[in-house]
Amino acid sequence: MEWLVPVLIVVGVILLIGIYLWATYNSLVQLKVRVDEAWSGITVQLKRRADLIPNLIETVKGYASHEKAVFENVTRARAETLSAGGPGEAGIAEGHIQQALRSLFAVAEAYPQLQASTNFLQVQQALVDTEDKIQAARRFYNGGVRELNTKIKVFPNNLFAKGLGFTEREFFEVADSSAISEAPRVQF
């Protein structure tokens with residue numbers, strides 16, 4: 001019977017470690033799924049904006065067809081956004097698309113008839129709405145990444161999280177923060 005107490009202690013410790021690992025693993029899985037969902041939300045909004053841009057370009061082209069370089073830059077930035085493979089690439093593309101849209105709106109300001117166009121105003125409003133949704137999705141994603149990365153880094157999780165296949169995720173940050181410090185100016 002003397003051997004029973006040490007065996008029960010060892011079994012109890014192993015059971016506690018197992019419960020801890022089980023609970024931690026499940027919480028890491030939940031956080032990973034939340035981050036994946038949040039990234040999906042960002043890609044949906046980036047795609048929505050990319051789908052609006054051709055309408056905007058066509059509307060502006062009708063009034064300012066000689067601004068070929070501006071249209072090419074916007075088209076190039078749109079393609080870069082659509083082909084971004086992850087948060088790092090998307091952050092770089094985000095800076096480029098913001099600069100391209102800013103130059104497109106600068107061209108539009110020179111044409112009062114364009115600014116009075118119902119189609120132009122509708123596309124602009126949809127674009128503003130989408131920009132707001134992108135910012136909200138970005139905050140949600142970065143919050144989830146913060147929680148997941150913290151959970152992976154804290155002790156004792158850091159001892160086994162990577163072995164279970166959990167890796168830190170990249171924040172969605174724009175490479176050139178000055179590009180998004182001010183939203184593209186839209187005047188009605």
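Keep in mind that the numbers below use all heavy atoms, side chains included, and drop hydrogens, waters and symmetry copies. Sequential numbering from 1 along the given sequence is applied to the chain's residues.
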Nearest heavy-atom neighbours spanning [X] and [Y]:
| X | Y | answer |
| --- | --- | --- |
| Ser40 | Thr43 | O-OG1, 2.8 Å |
| Leu148 | Thr167 | CD2-O, 4.3 Å |
| Gly88 | Glu170 | CA-OE2, 3.2 Å |
| Phe71 | Lys61 | CE1-CG, 3.4 Å |
| Ala100 | Ser103 | O-OG, 2.7 Å |
| Leu104 | Val60 | CD1-CG1, 4.0 Å |

Quiz item: Phe166: what forms a ring pair (Phe, Tyr, Trp, His ring centres under 6.0 Å) with it, not counting sequence neighbours?
Solution: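 Listed in chain order: Tyr25.
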Quiz item: Residues in ring pair (Phe, Tyr, Trp, His ring centres under 6.0 Å) with Phe172, at least two apart?
Solution: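 Here the qualifying residues are Trp39.
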Partners passing salt bridge (Lys or Arg N to Asp or Glu O under 4.0 Å) against [X] (at least two apart in sequence or in another chain):
| X | value |
| --- | --- |
| Asp36 | Lys32, Arg169 |
| Arg34 | Glu147 |
| Lys133 | Asp129 |

Check whether [X] and [Y] end up in the same hydrophobic cluster, where Ile, Leu, Val, Met, Phe, Trp and Tyr are linked by side-chain heavy atoms less than 4.5 Å apart.
| X | Y | result |
| --- | --- | --- |
| Phe160 | Ile19 | no |
| Val154 | Leu28 | no |
| Val29 | Tyr20 | yes |
| Leu31 | Tyr141 | yes |
| Ile134 | Leu56 | no |

Exercise. With sequence neighbours left out, write down each residue that passes side-chain hydrogen bond (donor to acceptor under 3.5 Å, both in side chains) with Tyr111, or none if nothing qualifies.
Key: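 So Tyr111 forms a side-chain hydrogen bond (donor to acceptor under 3.5 Å, both in side chains) with His66.
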Practice problem: Evaluate the criterion side-chain hydrogen bond (donor to acceptor under 3.5 Å, both in side chains) for residue pair Ser27 and Lys151; output intermediate values, then yes/no. | Solution: CA-CA 9 Å; Ser27 67; Lys151 187 89 171 184; 3.1 Å; yes
Exercise. Have a look at Leu8 and tell me which of Val5, Leu4, Val10 forms a side chain to side chain contact (heavy atoms under 4.5 Å, CB included) with it.
Key: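 The side chain to side chain contact (heavy atoms under 4.5 Å, CB included) with Leu8 is passed solely by Leu4 among Val5, Leu4, Val10.
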Side chains of [X] and [Y] only: does a donor on one sit below 3.5 Å from an acceptor on the other?
| X | Y | value |
| --- | --- | --- |
| Asn142 | Arg139 | no |
| Thr130 | Arg49 | no |
| Gln45 | Glu131 | no |

Practice problem: Give a yes or no on whether the backbone of Gln113 and the side-chain of Ser117 come within a donor-acceptor separation of less than 3.5 Å. | Solution: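 Pair absent, no side-chain N/O of Ser117 close to backbone of Gln113.
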Quiz item: Rounded to the nearest 0.5 Å, what separation is found between the CG atom of Asn119 and the CG atom of Asn55?
Solution: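 Those atoms lie 7.0 Å apart.
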